Protein chains: 2
Amino acid sequence: MALSRNEDQRVSLHTVERLSVYRRKLEELSHEGVEFVHSHQLATMVGVTPAQLRRDLASFGSYGNIARGYEVAKMITTISRILGTDKLQNVGLVGVGDLGRALLSYRGFEERGFHIAAAFDIDPAKVGRLFAGRRCYHLDELEPVIAQSNLRIMVLASRPEGLQDIIDRAAAAGVRAFLNFVPRTTVTPPGCFIERIDISAKLEKLSFLVKQQEQCT
Amino acid sequence: MALSRNEDQRVSLHTVERLSVYRRKLEELSHEGVEFVHSHQLATMVGVTPAQLRRDLASFGSYGNIARGYEVAKMITTISRILGTDKLQNVGLVGVGDLGRALLSYRGFEERGFHIAAAFDIDPAKVGRLFAGRRCYHLDELEPVIAQSNLRIMVLASRPEGLQDIIDRAAAAGVRAFLNFVPRTTVTPPGCFIERIDISAKLEKLSFLVKQQEQCT
DNA sequence: CGCCTCCTGTGATTGACTTCACAGTGAAAT
DNA sequence: ATTTCACTGTGAAGTCAATCACAGGAGGCG
Ligand SMILES: NC(=O)c1ccc[n+]([C@@H]2O[C@H](COP(=O)([O-])OP(=O)(O)OC[C@H]3O[C@@H](n4cnc5c(N)ncnc54)[C@H](O)[C@@H]3O)[C@@H](O)[C@H]2O)c1
Ligand SMILES: NC(=O)c1ccc[n+]([C@@H]2O[C@H](COP(=O)([O-])OP(=O)(O)OC[C@H]3O[C@@H](n4cnc5c(N)ncnc54)[C@H](O)[C@@H]3O)[C@@H](O)[C@H]2O)c1
């Protein structure tokens with residue numbers, strides 16, 4: 001529902017989401033000096049079954065040593081290569097509001113291979129200024145900046161009005177994927193991907209679970 | 001993986017997530033004066049198949065009029081009741097950093113039935129101050145404020161250090177559900193639910209998809 | 001050297017969600 | 001009144017992911 005294209009891939013998208021989790025835990029282990037880890041160890045640490053972890057790793061041909069387990073360092077680089085985060089890549093941001101500024105000042109993205117290289121807004125009070133060292137461009141400059149900074153991924157944190165237009169323009173200018181925080185349904189341009197983060201919906205899901213649990217009592 | 005309990009429920013969690021999307025679109029339609037909507041209309045608007053929409057609505061006994069479709073106003077209140085957002089409920093927030101302040105100043109939560117009633121931090125520069133009208137308490141006051149404001153849901157936007165401790169204390173004080181923005185694996189206390197929002201992981205997923213698509217070319 | 005133990009990788013199975021397809025139905029039209 | 005039409009609700013089929021369970025293998029140890 002959230003995504004458009006889903007053609008024959010070697011690795012399932014569920015697996016890809018778990019790879020992020022594995023990698024983060026593996027990096028923790030690496031910092032602690034751990035060199036090898038068994039499937040059941042890592043699995044219990046991140047809350048999956050050992051069988052699922054093995055299957056996830058096997059889906060791209062893993063190198064688990066039967067006696068010693070998986071090599072932590074090698075697994076980190078392998079997962080990074082699969083995710084495409086082995087090199088720092090530029091991403092764009094539309095909407096320098098409260099949320100957009102929080103994203104701009106967050107250091108965690110750089111650690112994971114993402115650099116917010118450019119921001120866009122329409123508010124004259126923001127255009128031209130620097131936010132956490134990054135220039136805020138007017139939305140009119142979307143196309144040239146996308147080309148110049150080679151943006152393939154764009155984060156959407158503006159207002160709902162005109163969102164589809166921004167998506168279509170960005171897609172035409174070369175953006176292939178969108179991370180959308182704006183609670184509005186969108187049409188995914190052909191060849192593109194849109195991933196939604198709907199915080200209110202997550203709260204509603206939790207509210208449902210709490211309510212359901214109370215009723216079961 | 002993200003959730004702990006998943007006992008025999010009448011409505012599937014996938015359905016619940018879609019209910020949020022349906023409700024948002026239904027509210028838009030309601031504002032436009034639409035009174036009835038057919039499954040295929042609403043389905044194409046939110047990007048699901050008509051069959052899935054009908055099944056989702058049927059899973060809690062829906063009232064679709066065969067000739068006119070579903071009654072928009074009635075469906076909104078029904079979904080709200082299912083999600084437990086028909087009455088405004090208090091939620092807590094831990095961590096008044098960049099992200100926490102963005103969440104505090106966001107008006108959208110109130111519209112969906114959630115009121116961030118209290119915030120917690122450990123930074124002396126923040127404790128005691130007001131943020132968007134809400135008081136920031138010291139983490140030491142977690143338990144009494146949870147009881148006083150009747151918090152069942154808590155949003156986590158602090159640093160990774162000590163996160164599990166906060167969760168355990170909040171759970172012991174009566175919190176049943178957590179929305180966690182902090183990229184650290186957690187242990188879910190019995191009877192509780194934790195929903196993660198991992199923004200970096202979403203970017204990694206998009207990075208994977210873009211990379212995969214380029215390779216397919 | 002041979003046995004034993006424990007782990008990985010994977011075929012097979014189960015379970016869950018989605019999609020298909022159609023019977024039943026109510027309203028409008030004639 | 002009857003026919004027609006399009007839509008809903010749902011059994012059945014299909015699809016996909018998670019889990020089970022075990023064959024095979026690598027090292028440790030006597
Ligand atoms: N802040 C949150 O906690 C939160 C939570 C969930 C969802 N969201 C969503 O994220 C989006 C941003 O939230 P926010 O709190 O930062 O809002 P905000 O009002 O603080 O900021 C919105 C920014 O987008 C800019 N903008 C508006 N239209 C634009 C356009 N067409 N092109 C470029 N920029 C444009 C505005 O000038 C403003 O700077 C909203 O759609 C909101 O619904 C925010
Ligand atoms: N800002 C983002 O865009 C973003 C994106 C993804 C994830 N996150 C995660 O969200 C969390 C908050 O991000 P941020 O950018 O607001 O960070 P931040 O450093 O701006 O704010 C963290 C806040 O939490 C407080 N804090 C630290 N330890 C605490 C504790 N034990 N109890 C209560 N409060 C405590 C700090 O005093 C500070 O006010 C981080 O864990 C971060 O990894 C943030």
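We use all heavy atoms of the structure for the numbers below, so side chains are in, but hydrogens, waters and symmetry mates are not. A quick note: this is a predicted structure, and the numbers were derived from the prediction, not measured. Here is how names work: the chains are called A, B, and so on, in the same order as the sequence lines, proteins then strands, and each is numbered from 1.
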Aromatic ring pairing B:H38/B:H40, orientation class (parallel under 30°, perpendicular over 60°, tilted between):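 B:H38 and B:H40: parallel rings.
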B:M75 CE - D:dT8 C1' separation (whole Å):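 Going from CE in B:M75 over to C1' in D:dT8 covers 12 Å.
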Do any side-chain nitrogens or oxygens of B:R18 fall under 4.0 Å of OP1 or OP2 in C:dT18?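 The answer is yes; a side-chain N or O of B:R18 sits under 4.0 Å from OP1 or OP2.
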What is the distance from CG of A:N65 to C1' of D:dG28, rounded to the nearest Å?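 The answer, rounded to whole Å, is 14 Å.
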To the nearest angstrom, how far is B:L19 atom CG from C:dC17 atom C1'?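 Rounding to the nearest Å, CG of B:L19 and C1' of C:dC17 are 15 Å apart.
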Can you check the B:I66 CD1 to C:dC22 C1' distance for me, whole Å?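 That distance rounds to 13 Å.
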Given atom CD of B:Q52 and atom C1' of C:dC17, what is their separation to the nearest angstrom?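 Taking CD of B:Q52 and C1' of C:dC17, I get 8 Å after rounding.
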Taking only distance into account, with no hydrogens and no angle test, what donor-acceptor pairs under 3.5 Å do side-chain atoms of residues 70-78 of chain A form with protein atoms, sequence neighbours excluded?
| from | atom 1 | to | atom 2 | distance (Å) |
| --- | --- | --- | --- | --- |
| A:T77 | OG1 | A:K74 | O | 2.9 |
| A:T78 | OG1 | A:K74 | O | 2.7 |

In terms of side-chain geometry, is the basic nitrogen of A:R184 or A:E161 positioned less than 4.0 Å from the acidic oxygen of its partner?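 A:E161 and A:R184: not salt-bridged.
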What integer distance in Å separates B:H40:NE2 from D:dT8:C1'?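 Answer to the nearest Å: 11 Å.
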Please confirm whether the shortest side-chain N or O distance from A:H14 to OP1 or OP2 of D:dA18 is below 4.0 Å.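 Yes, within the criterion.
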Would you say a side-chain N or O of B:H38 is under 4.0 Å from OP1 or OP2 of D:dA6?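 So the side-chain polar atoms of B:H38 never come under 4.0 Å of the phosphate oxygens OP1 or OP2 of D:dA6.
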Give the rounded distance in Å between these two atoms: CZ of A:F60 and P of C:dT10.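 After rounding, the reported distance stands at 13 Å.
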Toward the 5' end of DNA chain D, which comes first, A:A51 or A:R68, by nearest nucleotide?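 With A:A51 and A:R68 compared, the 5'-side residue is A:A51.
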Rounded to the Å, how far apart are A:D56 CG and C:dT8 P?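 Nearest whole value for this atom pair: 14 Å.
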Is there a donor on the side chain of A:R55 or the base of D:dT19 sitting less than 3.5 Å from an acceptor on the other?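 Donor-acceptor pair under 3.5 Å: yes.
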Can I get a per-line list of side-chain donor-acceptor pairs under 3.5 Å for residues 86-94 of chain B, giving both atom names and the distance, sequence neighbours left out?
| from | atom 1 | to | atom 2 | distance (Å) |
| --- | --- | --- | --- | --- |
| B:Q89 | NE2 | A:S207 | OG | 2.9 |
| B:Q89 | NE2 | B:G84 | O | 3.3 |
| B:N90 | ND2 | B:S149 | O | 3.1 |

Any salt bridge linking B:R112 with B:E27? Criterion: basic side-chain nitrogen under 4.0 Å from a carboxylate oxygen.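 Salt bridge present between B:R112 and B:E27.
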Look at the side-chain N and O atoms of A:S39 and state whether any lies under 4.0 Å from the OP1 or OP2 oxygen of C:dT8.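 It does, given that an N or O in the side chain of A:S39 lies less than 4.0 Å from OP1 or OP2 of C:dT8.
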5' precedence on DNA chain C between A:A67 and B:R54 (nearest-nucleotide basis):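 It is A:A67 whose nearest nucleotide is closer to the 5' end.
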